[in-house]
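Values reported hereafter were calculated over all heavy atoms of this structure, with side chains retained and with hydrogens, waters and symmetry mates removed.
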Amino acid sequence: MNIVAPAGNMERFYAAVKAGADEIYMGIKGFGARRNAENFTLSEYMEALDYAHERGVRIFLTLNTVMRDKEIEALYENIKVLYEQGLDAVIVQDLGLFRFIKDNFPDICIHGSTQMTVANHIEANYLKKIGFSRVVLSRELSFKEIKSVKENTEIELEIFVSGALCISYSGNCYLSSFIGGRSGNRGLCAQPCRKEYTNSQGEKGYFLSPKDQLMGQKEIKKLKEIGIESIKLEGRMKSPHYVFETVSYYRGLIKEIGVTERTSHLFNRGYSKGYFYDEKNKIINSKFSSDFGKFIGSIEGKELKIAEDLMLGDGISYVSKDYEKLGGENVSKIKIKGKTENQKSAQARDRVLLDKVPREAKYVYKNYSKSLNDEISRGIKQNKKTIDIDGVFYGKVGERATLELICKNNKGENISVIENSEIFLEEASKRVISSEYIKIKLSETGETTFSINNLKVNFDGKAFIPLSLIKKMRRNATEVLREKLILSHRRQAKKDIKKIDYSRSNNKNMKFSVIVSNSSQRDTAVRYGIEKIYEKGLDVAKESQLGRIDLESRLAWNLYQLLENKNDAVTVNWNLNITNTYALEEISKIPGADTVIISPELNLDRIKEIGETGIRKGLMIYGKLKGMFIEVPIFQENKVTITNDQGDQFDVIKNSIGNSELYLETPMNLIPNLEKLLDAGIDELVLLFTDESEEETEKILNSLKTKTGEYNPYNFQKGVY
């Protein structure tokens, strides 16, 4: 089972490799779901590819955001450079980008990002059918569901086991986008889930902030037993020390060598097992959302009974009873109760006397461990990643000595080199060396990136072979093998780029449709002559919930509902994040797909950029925008309103299966300015009703004739970055 590690820059990349990562996911500047990470220039990326390939490590390019047509096509040259350098795989969210890459670089591996919200085997099988080689499953799946998916699909599966969790299903979170134009689906999430909110009862808390995920030996063993190909660690913006320690920890778990978990000492806002055991009540940490460090004790007066060792150079932070950070310090002296002299360290259960404690301080957290960080620094400096090689040495009097070295590259191809001695071997006049001696000396690969795995020595026991000759043959052979190994990943891209020939969308005879959440809204829509009426559905089709998905519905809220739908003409809802012509064309290949409601993250200019396609285009013109689809029941009540520090209000509604859906309380409304859409190529104008009363529903439907009401465009006007 491979470890897929994060790297946000070269320093983190080297840390991941040296810790033993098998695969590393990395972005290039300006693209990917962590655009705020430092990321890599093209030259750095090319350097990293060669460095990784020399050590048997695979590199995945993260392009897991939704894109415009021009952005997809502009990526071609960057992808081409990395493809020819030997890029191992690309991680994508956008079906349009997938199709563009598949058409232009047909032999590269493409992985479906967790932002695709693949949560069942039907969707996984569809991705394999169209050309994906791996899918990163939604983090909300339990082990039982992961196992079921694995038993019913042949595509490679990658599972998150460590790091930050999004409270919303990845790919189905729009809160940052709708509030401030910073889209998570564009790699610029402002993390509103980590902010404090006030609920309807006036209580404050971090209601949307999940603990980080940290699986252990038991969970890794279960995933290994069912044949999961890769486990993924989150952390492209974490420190190199965090990356190195976390990779090392999971390498130990996979090898079952017995390791101590220390990741929580490097970054800690609370940890859980995620959704592995379906323990949804353990996901949220409503007390705080930032990295406090490791809890070491509560203050009693000016005494602190510590729960773990403390030493000079450690960092501590003081926290109030309401979990507000009150400052901190680097430990420069340690006083232990009962001892007269200052100490260099204190042991767990000692009572430490504190000098300058903030008045409101209640708890103490250790946010920096000097001993741990020093140890990791040594590991990063000293560790090296090697690739196993096999060898055959042949030595016989009257013939040239021969050394053949063989290894496999990341594509599974054998790479070999044969080094012959310059001279013919003569018979030794004195004591000859042994086959074992030759084997030992040839295995001393030193500073190379190779480790001899299996070496056969065919020696006649008579020839004179100088040690200098053995060393020279080994040195020459390993250097040539290194060069051949790196070059074996090179390939040539096709000369001609394949892209869509655009034709501008024509004006359409736009029809109205509605999505209703109850019978009252449906009846009202019928009275107003609306012919196309859809029912509210579920954004995600989990493996264990497939029986709850309405396959008779003419509106598909997830890929499963589209693939298995019983209707001849199906509309695809906007939460599938369709933002470009390429994606529309890809969706149109699915039998029954008739209309796509394009993403409300697009502004009018971006909508007009989308060309004429073989599938109808819809656009939501009214409705409370769904900011999150959450597996966790945030509140027990069916509806709770929460407010952020800026006064924005959101309704958290419990749906039919107990999940939480978060809506912006103020609806989007384009109705007063519908004339702006006349030349945008839209076929269908969609109104979404959630909790509107019969009177409110009538008022909105009546405004379709009068073009009155409060114009509230959200992203339709401002767009996203």
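Note on Asp374 versus Arg378: no salt bridge recorded, every NZ/NE/NH1/NH2 to OD/OE distance being 4.0 Å or above. Contact check on Lys150 versus Glu229 returns a salt bridge, with a Lys/Arg side-chain nitrogen under 4.0 Å from an Asp/Glu carboxylate oxygen. For Asp69 and Lys499, the salt-bridge test fails: no basic side-chain N is under 4.0 Å from an acidic carboxylate O. A salt bridge links Lys282 to Glu279: at least one charged side-chain nitrogen sits closer than 4.0 Å to a carboxylate oxygen. A salt bridge links Glu631 to Lys542: one of the charged nitrogens lies within less than 4.0 Å of a carboxylate oxygen. Contact check on Arg186 versus Glu71 returns a salt bridge, with a Lys/Arg side-chain nitrogen under 4.0 Å from an Asp/Glu carboxylate oxygen. For the pair Lys195 and Asp648, the salt-bridge criterion is not met [side-chain N within less than 4.0 Å of a carboxylate O].
Separation of the Tyr197 and Phe207 ring centroids does not fall under the 6.0 Å cut-off. Ring pair Tyr25/Phe60: centre-to-centre distance not below 6.0 Å. A distance below 6.0 Å separates the ring centres of Phe13 and Tyr51.
Looking at heavy atoms from C-beta onward, Gln93 lies in side-chain contact with Asn185 at the 4.5 angstrom threshold. Side-chain contact between Arg491 and Asp107: present, with at least one pair of heavy atoms (C-beta onward) separated by less than 4.5 Å. A 4.5 Å side-chain heavy-atom check between Leu223 and Met1 finds at least one atom pair inside the cut-off. With contacts defined as side-chain heavy-atom distances shorter than 4.5 Å, the pair Ile220/Ile254 qualifies. Asp103 is listed as a side-chain neighbour of Arg99, based on a closest heavy-atom distance under 4.5 Å. The side-chain heavy atoms of Glu601 and Thr579, taken from C-beta on, include no pair separated by under 4.5 Å. Counting heavy atoms from C-beta outward, Tyr45 and Gln85 have side chains that stay 4.5 Å or more apart. Residues Leu137 and Thr114 are not in side-chain contact: their nearest non-hydrogen atoms beyond the backbone lie 4.5 Å or more apart.
Below 30°, between 30° and 60°, or above 60°: for Tyr76 and Phe100 the angle between ring planes is above 60°, a perpendicular geometry. The aromatic rings of Phe288 and Phe292 sit parallel, their planes meeting at an angle under 30°, below the 60° perpendicular limit. In this structure, His489 and His53 have parallel ring planes: the angle between them is below the 30° cut-off, well short of the 60° mark.
Atom CD of Glu73 has more than 12 heavy atoms from other residues, nucleotides or ligands within 6.0 Å. Counting heavy atoms of neighbouring residues, nucleotides and ligands inside a 6.0 Å radius, atom NZ of Lys221 does not exceed 12 of them.
Side-chain N or O atoms of Thr62 include none that pairs as donor or acceptor with a backbone N or O of Asn64 at under 3.5 Å. The main-chain N or O of Met215 is found under 3.5 Å from a side-chain atom of Tyr250 such that the two form a donor-acceptor pair. With Lys718 contributing its side chain and Phe178 its backbone, the two residues share a donor-acceptor pair below 3.5 Å. Asn410 places a side-chain N or O within donor-acceptor distance of the main-chain N or O of Val57, the cut-off being under 3.5 Å. A donor-acceptor distance shorter than 3.5 angstrom exists from the side chain of Asn285 to the backbone of Arg269, with no hydrogens or angles considered.
Tyr271 does not carry Lys211 over the face of its six-membered ring by the limits of under 6.0 Å from the centre and within 45° of the normal. Cation-pi geometry between Arg134 and Phe132 is not met: the NZ or CZ atom fails to fall both under 6.0 Å from the ring centre and inside 45° of the normal. A cation-pi arrangement is absent between Lys80 and Phe105, since the terminal nitrogen or guanidinium carbon is not both under 6.0 Å from the aromatic centre and inside a 45° cone about the axis. Annotation: cation-pi pair Arg194/Tyr206 absent, no NZ/CZ under 6.0 Å from the ring centroid and within 45° of its normal. Figure legend: Arg139 and Phe160 shown as a cation-pi pair, the cationic atom lying under 6.0 angstrom from the six-membered ring centre and within 45 degrees of its axis.
Of the candidates Asp291, Asp314, Asp309, Asp314 is the only one forming a salt bridge (charged side-chain N to carboxylate O under 4.0 Å, His left out) with Lys366.
Between Asn580 and Asp94, the side chains place a donor N or O and an acceptor N or O closer than 3.5 Å (distance only, hydrogens not considered). A donor-acceptor contact closer than 3.5 angstrom is absent between the side chains of Asn78 and Tyr83. In the model, Glu23 has a side-chain atom that pairs as donor or acceptor with a side-chain atom of Asn2 under 3.5 Å. Side-chain atoms of Lys384 and Thr449 form no donor-acceptor pair, as typed in the model, at a separation below 3.5 Å.
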Q: Could you walk me through whether Glu84 and Arg490 pass salt bridge (Lys or Arg N to Asp or Glu O under 4.0 Å), step by step?
A: CA-CA 5 Å; Glu84 293 187 335; Arg490 301 286 197 268; over 6 Å; no

Q | Check against ring-ring contact (aromatic ring centres under 6.0 Å, His included), Tyr275 and Phe143 | A | CA-CA 8 Å; Tyr275 297 86; Phe143 172 71; over 10 Å; no

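Scored by the side-chain hydrogen bond (donor to acceptor under 3.5 Å, both in side chains) test, Thr246 finds Thr263 as partners (sequence neighbours excluded).
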